[in-house]
Amino acid sequence: MSWLYQGKSITKISDLPAKERDAFGFIYCIVLNHKGESYEYYGRKNFFSVRTKRASAKQIKERGKAAFRRKKQKKGKGAGEWYYYEQVRSEMKWQEYESSSKEVQQMIKNGAQFTKYIVQLVQNESMMNYFECKHQFCSGVLESDKFLNGNILGRFHKNNII
């Protein structure tokens with residue numbers, strides 16, 4: 001199932017508007033209809049994962065040291081020695097993503113009708129944290145049973161609010 005953003009179906013990054021294709025991730029809202037009731041869930045998802053990959057001696061020989069970043073090893077056998085690395089960015093499987101919430105996953109498994117909306121695209125991880133919280137607080141996810149979010153940031157819990 002695809003995501004909806006500004007009324008358009010999004011199944012791949014190239015479906016996004018040209019100026020927003022370099023986004024790091026997005027804030028989403030999943031709207032579920034289950035047993036005649038309507039529920040919403042707000043969350044966030046990365047388009048890409050960025051990981052550090054150590055360069056092999058063969059790669060350094062082929063591409064040169066200037067093609068990599070370097071760092072001192074902190075502990076272990078080669079402590080204090082320099083090593084070379086690069087950051088590798090790979091696309092995640094965001095298209096099939098349904099939620100990290102067990103409750104949402106269970107409702108979908110039990111046949112709930114759902115629609116996935118991209119609420120906002122964000123450029124970096126810290127902005128993603130901020131905008132996820134902003135949308136959750138502004139929507140009042142902890143104050144209503146209409147929302148399936150159980151907490152915000154793991155600090156503010158629905159049980160303590162209602």
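In what follows, residues are counted from 1 in the order of the sequence shown. Predicted model, so just to flag it, every value in this text is computed and none were measured.
- Under the 30°/60° scheme for interplanar angles, the aromatic rings of F26 and W3 are found to stand perpendicular.
- For Y97, the ring-ring contact (aromatic ring centres under 6.0 Å, His included) partners two or more places apart in sequence, or in a different chain, are Y28.
- By the 6.0 Å contact criterion, CD on Q123 is enclosed, its count of non-hydrogen atoms from other residues, nucleotides or ligands being greater than 12.
- Judged by the 6.0 Å and 45° rule, R44 forms no cation-pi pair with F131.
- Taken from CD in Q6 to CG in L16, the straight-line distance is 9.0 Å, to the nearest 0.5 Å.
- How far CD of E98 is from CD of Q105: 7.5 Å, rounded to the nearest 0.5 Å.
- Annotation for R69: atom CZ does not count as buried by contact number, only 12 or fewer foreign heavy atoms lying within 6.0 Å.
- Counted by atom type alone, Y39 and E103 present zero donor-acceptor pairs between their side chains at under 3.5 Å.
- In this structure, the separation between CZ on R51 and CD on Q87 is 11.0 Å, given to the nearest 0.5 Å.
- Listed by chain and residue number, F156 satisfy the ring-ring contact (aromatic ring centres under 6.0 Å, His included) test with F137 (two or more places apart in sequence, or in another chain).
- Rounding to the nearest 0.5 Å gives a distance of 10.0 Å between OG of S49 and CD of E91.
- Between atom CD of residue E62 and atom OG of residue S56 there is a gap of 7.5 Å, rounded to the nearest 0.5 Å.
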